[in-house]
There are 2 protein chains.
Amino acid sequence: MRKRRSGGRPTIADVAKRAGVSSITVSRALRDPERVSPQLRQQIEEAVRELEYVPDQHARALASARTDVIGVIIPSFTNNVFADVLRGIYDGLAQTPYQVQLGNSRYSPIEEERLLATFLSQRPAALIVAGIDQTERGRALLAAAGCPVVQVMDLGDDPVDMMVGFSHKASGHAVTSHLLEAGYRRIGFLGARMDPRTQRRLEGYRAALAEAGLYDPARITTTPASSSVSLGRDLLRDLLARMPDTDAVFCNNDDLALGALFECQRALLAVPASMGIAGFNDLEMMAAACPSLTSVRTPRYEIGSRAVQMARAAIAGRRPAERVVDTGFALQIRESTKRPETVRPQPMGVLYNNA
Amino acid sequence: MRKRRSGGRPTIADVAKRAGVSSITVSRALRDPERVSPQLRQQIEEAVRELEYVPDQHARALASARTDVIGVIIPSFTNNVFADVLRGIYDGLAQTPYQVQLGNSRYSPIEEERLLATFLSQRPAALIVAGIDQTERGRALLAAAGCPVVQVMDLGDDPVDMMVGFSHKASGHAVTSHLLEAGYRRIGFLGARMDPRTQRRLEGYRAALAEAGLYDPARITTTPASSSVSLGRDLLRDLLARMPDTDAVFCNNDDLALGALFECQRALLAVPASMGIAGFNDLEMMAAACPSLTSVRTPRYEIGSRAVQMARAAIAGRRPAERVVDTGFALQIRESTKRPETVRPQPMGVLYNNA
DNA sequence: TTTGGCCATGATAGCGCTGACATGGCACCG
DNA sequence: CGGTGCCATGTCAGCGCTATCATGGCCAAA
């Protein structure tokens, strides 16, 4: 006979024998205690404790065709933005039987598609994916996933299933409008990697400036390279070399904004007097910088935990009424965009929704 | 009869029928192609492609008592340090059948122990854990894991199995020595969270100053709160309030160092002339800051990929001869510790090993 | 009392895959 | 030409769990 595979670990049958019941009763007592009489339940719990029984996930998955795995696909590990979303997800899943299977698409839709296929082959209980810009086949895979799907960090009117995020275009518009109100007129854009969400922020920037009649494409400085503080310095230097009269920049994320600040310090360019700087995401460092840096606070942790909440509700058969949740964003106005001549009382956290 | 669980997905039996062989042959062709004749192999591959067959992980795991899951436990998602390790791990695992199961211990040994137990119940192929400071029971679990275990990011002489990292004490000693050589004499220490690795860096700091006869415990400023840029500002402010003559600080990580720099800017304290600043980890921003910030470059990505390499070798039965790998670290000397009177030609990247 | 229905529990049969062993064909040997 | 050993392939029996249906006891309604 084949030796036991579990390496000596007790199986449900061992628990059953010890508790003097059949194994199916143990199974029920563990998954659906209501269906077992209190007395047996107690005996079983005792046996479980004594034997230190831990159910075998794989056997369970095979027998029931269900798993407790929630697949999560994000485009980057290094980007703190997603670290916060992840924290929200893991915290939302603590003390539950669910486990996270994490994939990194590296901002590549092809890679994302591959991950999707891999993950789906494991019949996850739910799937959380960053962004709404899947490939056609990726979307098809998601649509046929047979499990709840939550797209996060962006907003669109065509969710595969559910969606939690905010409008990047609206947020780009809001920051740019703020710079205009602060009195800046020759506002540049610094962008790295230029993934779809960045593109939409750029669109918002463009729209706001166009409305004001101040749009000049020459002030847009982008690179496909991935974002970093040094890159922020390089991009600002480039921009100023080409358009020396630029008086403010909207940086598509906080790393770039920090780099821009350092470049200004090096070039002895006064911030905010001669150069306004606004970032995106409002990482913790923005408030600590000197001068403190204006940014757009994005509710990353909340998006993660909200996504988990929606996914769990859907798994339980209670699909939320609102399939698309707009978390909004908040403009955090700080020193880096307070032009001396325009300093005036302003609420420090202006809340926007997808108006 | 029970309906097929796989939701219509083809099983190995379907592939076998289509290829005109038995299912065990399909199984072999997929896992161990050498053992199947080229002709059958080709037929099988064709059938797999036509049916879009994807093996069921759970069935495989149940039948073979093995999985392709590598468990990874890190103490933080938000800390970029571990993001880099993770990238190394994921990159090392790309194009392999292995999957990562990721856990966040939140710097809590208790939580780590819990995660360990959970992970082990899934019989992972290998385990990669950050640090060497497991609880007693955690160590026991690891020792009895029955799979390769790699402890990363630290060094010790008592590996559970394998180990890749560097000496935190030696690196703390190296930075402090550098500050002394640069001419600083009243050197403070800023530390947050004070996890065991931080403690060892502090030990290195203490030893270096004690050797120089300049150790003063009053210059150590720590907090159990977790690290952030703002905290760096606060800690430096505290230190200067208590010990205004402090002329340099070794910050236990780069966030704190950046915060310290901002605080100096705010207080109009010249860096490096009146205050030297050194950080730890050498995140990308350190080189971009103004002035650029001295730090200790830690080979985080390499540690991740090396750990994966060792784990895979061990899984394959080729346990590396060197169970403990010291990756070393590199002092990155930059503007923030170049005191005007002591500026002299120095190699820009001094390599240290666990001397 | 009978009957029907419900509830708690059990017996059975797989889920999709792989380990162990069996089989049959073929090359090579004396 | 029988024997030997090896190789490719197959048969069979589970891995540990749960879906499904069966069973038997109990209570309420008739």
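Protein chains get the first letters and strands the later ones, always in sequence-line order, with residue 1 at the start of each.
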Quick one: side chains of residues 22-29 of chain A, donor-acceptor pairs under 3.5 Å with protein atoms, not counting sequence neighbours, listed by atom name and distance.
unit_1, atom_1, unit_2, atom_2, d
S22(A), OG, T25(A), OG1, 3.3
S27(A), OG, R31(A), NH2, 2.9

Enumerate, atom names and distances included, each donor-acceptor pair closer than 3.5 Å involving a side-chain atom of residues 142-153 of chain A, sequence neighbours excluded.
unit_1, atom_1, unit_2, atom_2, d
Q151(A), OE1, V160(A), N, 3.0
Q151(A), NE2, Q134(A), OE1, 3.0

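Within the structure, salt bridge (charged side-chain N to carboxylate O under 4.0 Å, His left out) pairs that include any residue of residues 125-147 of chain A comprise E113(A)-R137(A), D133(A)-R200(A), R139(A)-D158(A) (at least two apart or interchain).
Residue-environment remark: CD (E322(A)) stays at or below the threshold of 12 foreign heavy atoms within 6.0 Å. Residue R66(B) places its CZ atom among 12 or fewer non-hydrogen atoms of other residues, nucleotides or ligands, all under 6.0 Å distant. Other residues, nucleotides and ligands contribute over 12 non-hydrogen atoms within 6.0 Å of the CG atom of D32(A).
Atom CG in L62(B) sits about 10 Å away from atom C1' in dT18(C), given to the nearest Å. Regarding R66(B), its CZ atom lies at a distance of 9 Å from the P atom of dT18(C), rounded to whole Å. The NE2 atom of H58(A) sits 12 Å away from the P atom of dC17(D) (whole-angstrom rounding). In this structure, CG of D56(A) is placed 8 Å from C1' of dC15(D), rounded to the nearest angstrom. The OH-P distance, from Y53(B) to dC17(C), rounds to 3 Å in whole Å. For the pair K17(A) NZ and dG10(C) C1', the interatomic distance rounds to 17 Å; values are reported in whole Å. Rounded to a whole Å, the CD atom of Q122(A) is 21 Å from the P atom of dC15(C). For Q57(A) and dT18(D), the CD to C1' distance is 15 Å, given to the nearest whole Å.
Remark: R312(A) fails to qualify as a cation-pi partner of Y98(A) under the 6.0 Å distance and 45° angle criteria applied to the six-membered ring.
When distances are taken from the side chain of I12(B) to each of dC15(D), dC17(D), dC17(C), the shortest belongs to dC17(C).
The end-to-end axis angle of the helix from dT1(C)-dA30(D) to dG30(C)-dC1(D), rounded to 10 degrees and based on five pairs per end, is 40°.
Judged as a side-chain hydrogen bond (donor to acceptor under 3.5 Å, both in side chains), and not counting sequence neighbours, the contacts of T78(B) are R87(A).
Using cut-offs of 30° and 60° on the angle between ring planes, the pair H58(B) and H58(A) is tilted.
Listed in residue order, the members of residues 19-40 of chain B having a heavy atom less than 4.0 Å from DNA chain C are I24(B), S27(B), R31(B).
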